[in-house]
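Proteins come first, then strands; the chains are lettered A, B, ... in the order of their sequence lines, and each starts at number 1.
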2 protein chains.
Amino acid sequence: MVQLGRHYGAGPASLAEIAAEEDLPRAYLEQLVINLREAGLVTSTRGARGGYELAHAPDSITMAEVLRALEGPVAPMLCASEDPGHVGCDRSARCTVNLLWVRVRDAVTGALDSMTLADLVPPRSTLQPIPLQGAVTSS
Amino acid sequence: MVQLGRHYGAGPASLAEIAAEEDLPRAYLEQLVINLREAGLVTSTRGARGGYELAHAPDSITMAEVLRALEGPVAPMLCASEDPGHVGCDRSARCTVNLLWVRVRDAVTGALDSMTLADLVPPRSTLQPIPLQGAVTSS
DNA sequence: TCAATCCCGACGAATTCACTCGGGATTGAG
DNA sequence: CTCAATCCCGAGTGAATTCGTCGGGATTGA
C-alpha cells in the first residue's frame, strides 16, 4: 500500500499501525499483504516489534507490479489477459473485438508502468493536513 | 454489436438473425440493444420484417460510445468515474491513489476513442473462413 | 515465559454479470 | 381484417467475484 511507501526507511510497520492509519480492518490487510510478500514487494519481520517493509525504494516499484500482485494479471476481458497461458474464448477465430481489448490492456499497463509508488506518496509540502473544515484552527 | 457494422447498409437486421450469427441468446441481445437504442446508436423498425440498423456509418461510431452505452460511464474505480456527478469516496481528501485511477481511465478512454466500429468489422479479404482444422480440405 | 506480531485457511454477505421468462405493443403481408 | 413476425419491457435467477470476518497457530524480542 501507499502507506508503506510513506513509511519507507523507518523500519517495519505493523499491520495494526497501518490498519489504524488507513481505517481498514487489520484482518483484511493481512490477506492483501500476503500477495505483496509473495511477489517480493514487501518483506516481513515476525515476532514482537515486527511488521512489514518495502523490499526496495518506492520509486523503483511501479504500480503495475503492485496491481498485478494484488489483483492478478491485467486483463480487461479474459480473452485479453497478460497471462500468456490464458484460455482463448471459443469465438477466438472470428472475434475481432479481441483487438480492441488488447489495445485497452496495453493502454492500461502503459499508464500503470509510468507511475511508481513514489508518485503516490504525497509530497508533504503540497498536501494539506486535512483541516476538518475549521475544527481546530489555531488562529 | 460488431455484427451490425458488418450488416451496415443492408437494411434492418432482426435480433433472431444476429442471435444466430453471434450464437447468443436472443432475449439477452434484446437487453443490450435497448441501451444502444437509447444512446442513439441504433434505430429500430417494429413489426414484421423489422429489426435494427446502425444510426450512422460504422467509422463515425467510436467504441467509447458503444461501451458507454452498454456498460455506463468509464470508471476503473468508482472514485474515478467519467460521470461528473459521481460520489466521492470518504477518503477523498487524503487518497492520492485517485490520481492513478484517473490516469488509467484517461488511457482507457483514449484507446476506446481511437477505435471505431469500422476498425472491428473484419476486412473480408484478410479473414480466414475458419477451416475447422482440416475437415474438408480439397487437396 | 509472555505478549506482540506475522501466518494461514475457511467462511460469509453484498454486489455484479450474463442470462431467462413471460407477456405486451406494432406493423407488414396475405 | 387478421395474423405472424418482430420489437419492447420489467422482473427474476444462478454463478462468480469482491470485500471483509473469524479463529487459531507459528515466531520472536523483551
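- Mapping B/Met77 and B/Gly51 onto DNA chain D by nearest heavy atom places B/Gly51 at the nucleotide closer to the 5' end.
- In this entry the distance linking CG of B/Asn35 with P of D/dC7 reads 16 Å, nearest Å.
- With sequence neighbours left out, B/Ala39 forms a side chain to side chain contact (heavy atoms under 4.5 Å, CB included) with B/Leu41, B/Ala69.
- We find that OH of A/Tyr28 is positioned 18 Å from P of C/dA13, with the value rounded to whole Å.
- Of the inter-residue distances, the one linking A/Met115 atom CE with A/Asp113 atom CG reads 12.0 Å to the nearest 0.5 angstrom.
- Listed by chain and number, the residues in a side chain to side chain contact (heavy atoms under 4.5 Å, CB included) with A/Glu38 are A/Ile34, A/Asn35 (sequence neighbours excluded).
- As rounded to whole Å, 18 Å separates atom P of C/dT16 from atom CG of B/Leu70.
- Counting to the nearest Å, the C1' atom of C/dC19 and the CG atom of B/Leu24 are 10 Å from each other.
- Taking the side chain of B/Tyr52 as heavy atoms from C-beta on, and the options C/dC7, D/dG20, D/dC8, the nearest nucleotide is D/dC8.
- Under the rule for a side chain to side chain contact (heavy atoms under 4.5 Å, CB included), the partners of B/Ser44 that lie at least two apart in sequence or sit in another chain are B/Arg37, B/Tyr52.
- Consecutive Watson-Crick or G-U pairing (both distances under 3.5 Å) extending over three or more pairs maps onto DNA chain D as C:1-30 with D:1-30.
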_Where protein sits on nucleotides 21-30 of chain C, one letter per nucleotide: B base, S sugar-phosphate only, - none, heavy atoms under 4.0 Å_ = ----BBBS--

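- Listed by chain and number, the residues in a side chain to side chain contact (heavy atoms under 4.5 Å, CB included) with A/Ala57 are A/Tyr8, A/Asp59, A/Ser60 (sequence neighbours excluded).
- In this view, A/Glu30 and A/Arg26 satisfy the salt bridge (charged side-chain N to carboxylate O under 4.0 Å, His left out) rule, not counting sequence neighbours.
- Within the structure, every side-chain polar atom (N or O) of B/Ser14 is placed at least 4.0 Å from both OP1 and OP2 of D/dC7.
- Of the two residues near DNA chain C, A/Ile34 and A/Gly50, the one whose nearest nucleotide lies more 5' is A/Gly50.
- Among residues at least two apart or in separate chains, there is no side chain to side chain donor-acceptor pair (under 3.5 Å) pair with a member in residues 99-112 of chain A.
- Computed from coordinates, the B/Leu78 CG to D/dC19 C1' distance equals 13 Å when rounded to whole Å.
- Rounding to whole angstrom units, CG of residue A/Leu32 and P of C/dG9 are separated by 16 Å.
- At whole-Å resolution of the value, CD in A/Glu22 and P in D/dG20 are 12 Å apart.
- For A/Glu82, the salt bridge (charged side-chain N to carboxylate O under 4.0 Å, His left out) partners two or more places apart in sequence, or in a different chain, are A/Arg68.
- When the P atom of D/dT6 is taken as reference, atom CD of B/Glu53 falls 15 Å away, rounded to whole Å.
- If you take CD1 on A/Ile61 and CG on A/Leu120, they are separated by 11.5 Å, rounding to the nearest 0.5 Å.
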